[in-house]
2 protein chains.
Amino acid sequence: MEQSRATSKPAAAPGAPRVTRDAVLDTAMRLVRESGTEGLSMRKLAAELGVAVTSIYWHVGNRDALVDELVDRVLRDMGTIRAAGSTPADRIVSVALASRRMILDRPHLIGLVRERGLDALLMLPARRALVREFAAAGLHGARAALAVQAVQFQVAGFIMLERALTGHEQEQAAVQAWLSEVAEGGDPELAAGLNVNADPDELFEVAVRGLVESLVREV
Amino acid sequence: MEQSRATSKPAAAPGAPRVTRDAVLDTAMRLVRESGTEGLSMRKLAAELGVAVTSIYWHVGNRDALVDELVDRVLRDMGTIRAAGSTPADRIVSVALASRRMILDRPHLIGLVRERGLDALLMLPARRALVREFAAAGLHGARAALAVQAVQFQVAGFIMLERALTGHEQEQAAVQAWLSEVAEGGDPELAAGLNVNADPDELFEVAVRGLVESLVREV
DNA sequence: ACCTGAACACCGTTCAAGT
DNA sequence: ACCTGAACACCGTTCAAGT
C-alpha cells in the first residue's frame with residue numbers, strides 16, 4: 001500500500017528511480033482525463049512513462065489500487081463547502097448545490113468512482129457542512145443523522161443518474177427511447193414535460209428543496 | 001438487431017440451428033446470475049453453449065448489444081406497480097417503495113444496467129403509477145412532470161447508491177473508512193447515527209416521504 | 001441461414017532474474 | 001530499492017471460408 005513515497009526532485013543520480021509513485025499517478029490521471037477510465041491501461045501507462053509494465057506494479061500494486069488512489073486524490077483536492085443564505089433551509093440547499101457543482105467540475109471523478117463501485121464517496125464533500133447546518137436548524141442526534149444521510153443520498157444519487165440525461169449520446173438514445181415510449185393520455189403538457197429532457201439544474205434544486213424543507217419543517 | 005427469432009421448438013432437423021438467439025440470452029442471463037456481469041464473457045458463453053465464439057456474434061451482434069438485450073428482458077418481465085393507501089402522499093410513497101422492492105428483487109439488474117450506463121432505466125417501473133398518482137393529487141402539466149421526475153430520480157439514485165452500504169464488503173470497507181473519518185464534535189448520538197450503517201429501508205422511506213409531501217403540499 | 005477456425009489487437013498479473 | 005522480459009491466462013472482434 002505505501003511503497004516508495006520519497007524523491008521529491010528528479011535528481012538524475014545513477015541509482016535514481018526512473019519513475020516515482022507520484023509520476024505514475026499523475027500520468028494515470030492524465031490518461032483518464034484524455035480518454036476516460038477505459039483509456040487507462042497498465043500497458044499504456046507504462047508506455048507513456050517509458051518503462052516496463054511490471055514496473056508500474058511495483059509502485060502502485062495493481063490497477064484497482066491505482067484507481068482507488070486516484071479517487072482519493074481527487075477527493076482530497078476538493079475544498080470545503082460553505083453554506084450561504086439566511087434561512088436554515090436555504091443554507092442547507094446551498095450546500096447541496098455547491099456539492100453538486102464541485103463534483104460536476106471534476107467529470108473524471110464520476111467515471112473513476114463508478115468503476116470501483118465507490119459511488120457513496122460522492123456523499124462526502126457535503127457531509128461536514130450538512131452536519132453543521134442541520135444542527136443550526138435545530139436537528140440533533142439520530143434525527144440529524146437521518147436528515148444528513150437523506151440529503152447526502154439525494155445529492156450523490158442525482159449526480160450518478162443525471163449524466164444519463166446529459167452527454168453520453170450513445171446510451172442516451174437507448175434510455176430516451178425507453179423513457180418516452182409512453183404517451184401520457186390527456187395531459188399533453190405533462191407528456192411534453194416528461195419527454196423533453198428536463199433541465200437538470202432546475203430538477204435538482206426542486207428535489208433538494210422539497211426534501212430539505214420537509215426535514216427542517218418538523219422541528 | 002433482429003436476426004433469427006424463429007424456431008420455438010428444438011426440432012432436431014438436419015439443417016436446424018445449434019443455438020437460437022433466445023438460448024444465447026438465456027444462458028447469458030444464467031452466467032450473470034451465477035457470477036455477475038464480469039462473469040459473462042463471449043468465450044465462456046460460447047463454451048457453455050457448445051458452440052464457437054463467433055457463432056454468438058451472429059446471433060446477438062456483440063457483447064454490448066447482448067447486455068442491452070438482457071436489460072430489456074428483465075425490465076419487460078417486471079410487473080406493473082399499483083399504488084396503495086388513502087392519502088395522495090401515501091399512495092405516491094407506496095409507489096416508490098414498491099418500485100425499489102421490484103428492482104432489489106432482481107439484483108443482477110443493477111449490475112447490468114451499471115455496466116452499460118443505463119442507470120436511468122431504473123426510473124421506468126415507477127413512471128406510469130407516479131404520473132397517475134400525481135394527477136390524482138391535483139398536479140398537472142409541467143409541474144406534474146417535474147414532480148414525477150424528482151421522485152424517479154430519488155428512487156433510482158438511492159438504489160444505485162445503497163449497495164455501497166449493503167453487501168460488497170470489499171469496497172464497503174474503503175467507503176466506510178472514508179465516511180467515518182470525521183468525529184462529529186459535541187453530538188455523540190449524531191456521530192453514532194452517521195457512522196453506523198443506517199437502515200436503508202428506513203432512510204429510503206424518510207427521504208421519499210419528505211420529498212413527496214413537499215411536492216404535494218403546495219397544491 | 002448458420003457455424004467454423006484462425007488471427008488481430010488488446011488486456012491484468014505473476015515471477016524469476018537482473019542491477 | 002527499482003526495473004526487466006517472458007510467460008500465463010484471459011479478453012472482444014473481424015474475416016474468409018465452410019455447409
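In the text below, chain A, chain B and the rest are named by the order of the sequence lines, each starting its count at 1.
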Worksheet entry | A:Val24 side chain reached by A:Val51 side chain, heavy atoms, under 4.5 Å |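 No. Closest side-chain heavy atoms not under 4.5 Å.
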
Among [options], the one nearest [X] by side-chain distance:
X: B:Arg63; options: D:dC3, C:dC11, D:dG12; result: D:dG12
X: B:Tyr57; options: D:dG12, C:dT4, C:dT13; result: D:dG12
X: B:Pro17; options: C:dC2, D:dT4, D:dG12; result: C:dC2
X: A:Trp58; options: C:dC2, D:dC3, C:dT13; result: D:dC3

Worksheet item: Touch check for A:Ser41, heavy atoms < 4.0 angstrom, all strands: base, sugar-phosphate only, or nothing?
Response: sugar-phosphate

Item to complete: Let me know, please, whether B:Thr54 or A:Ala52 comes out on the 5' side of the other along DNA chain D by nearest nucleotide.
Response: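 Closest to the 5' end, via its nearest nucleotide, is A:Ala52.
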
Item to complete: Measure from the side-chain N and O atoms of B:Glu133 to the backbone N and O of B:Ile92, and report whether any donor-acceptor pair falls under 3.5 Å.
Response: no

Worksheet entry | B:Val95 backbone acceptor or donor facing B:Ser99 side chain under 3.5 Å |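 No, because the side chain of B:Ser99 does not come within donor-acceptor range (under 3.5 Å) of the backbone of B:Val95.
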
Item to complete: State whether A:Lys44 and A:Glu34 are salt-bridged, where the test is any N-O pair (Lys NZ or Arg NE/NH1/NH2 against Asp/Glu carboxylate O) under 4.0 Å.
Response: no

Discussion item. My understanding is that only residues two or more places apart in sequence, or in another chain, count here; which of them pass side-chain hydrogen bond (donor to acceptor under 3.5 Å, both in side chains) with A:Arg114?
Written reply: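 B:Asp119.
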
Nearest whole Å is fine: how far is [N] [atom2] from [X] [atom1]?
X: B:Leu66; N: D:dC11; atom1: CG; atom2: C1'; result: 15 Å
X: A:Ile56; N: D:dC2; atom1: CD1; atom2: P; result: 14 Å
X: A:Leu31; N: C:dC11; atom1: CG; atom2: P; result: 11 Å
X: A:Asp64; N: C:dT14; atom1: CG; atom2: C1'; result: 16 Å
X: A:Leu49; N: D:dC2; atom1: CG; atom2: P; result: 15 Å
X: B:Glu38; N: D:dC10; atom1: CD; atom2: C1'; result: 14 Å

Discussion item. Taking the P atom in each of D:dC10 and C:dA9, what is the distance between them to the nearest angstrom?
Written reply: 22 Å

Worksheet item: Do any side-chain nitrogens or oxygens of A:Arg18 fall under 4.0 Å of OP1 or OP2 in D:dT4?
Response: yes

Worksheet item: Reckon B:His59 has a side-chain N or O less than 4.0 Å from the OP1 or OP2 of C:dC3?
Response: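 The answer is yes; a side-chain N or O of B:His59 sits under 4.0 Å from OP1 or OP2.
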
Discussion item. For A:Met42 and B:Arg43, find the nucleotide of DNA chain C closest to each by heavy atoms; which residue's nucleotide sits nearer the 5' end?
Written reply: B:Arg43

Worksheet item: Using Watson-Crick and G-U wobble pairs with both distances under 3.5 Å, what is the 5'-to-3' dot-bracket string of DNA chain C, with [ ] for crossing pairs and | for pairs outside the strand?
Response: ||.|||||...|||||.||

Discussion item. Using a 6.0 Å cut-off, check whether atom CZ of B:Arg18 has over 12 heavy atoms from anything other than its own residue.
Written reply: no

Discussion item. Assess, by modelled atom type and distance only, whether the side chains of A:Glu48 and A:Thr27 contain a donor and an acceptor separated by less than 3.5 Å.
Written reply: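 Their side chains do not contain a donor-acceptor pair, so the 3.5 Å distance test is not met.
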
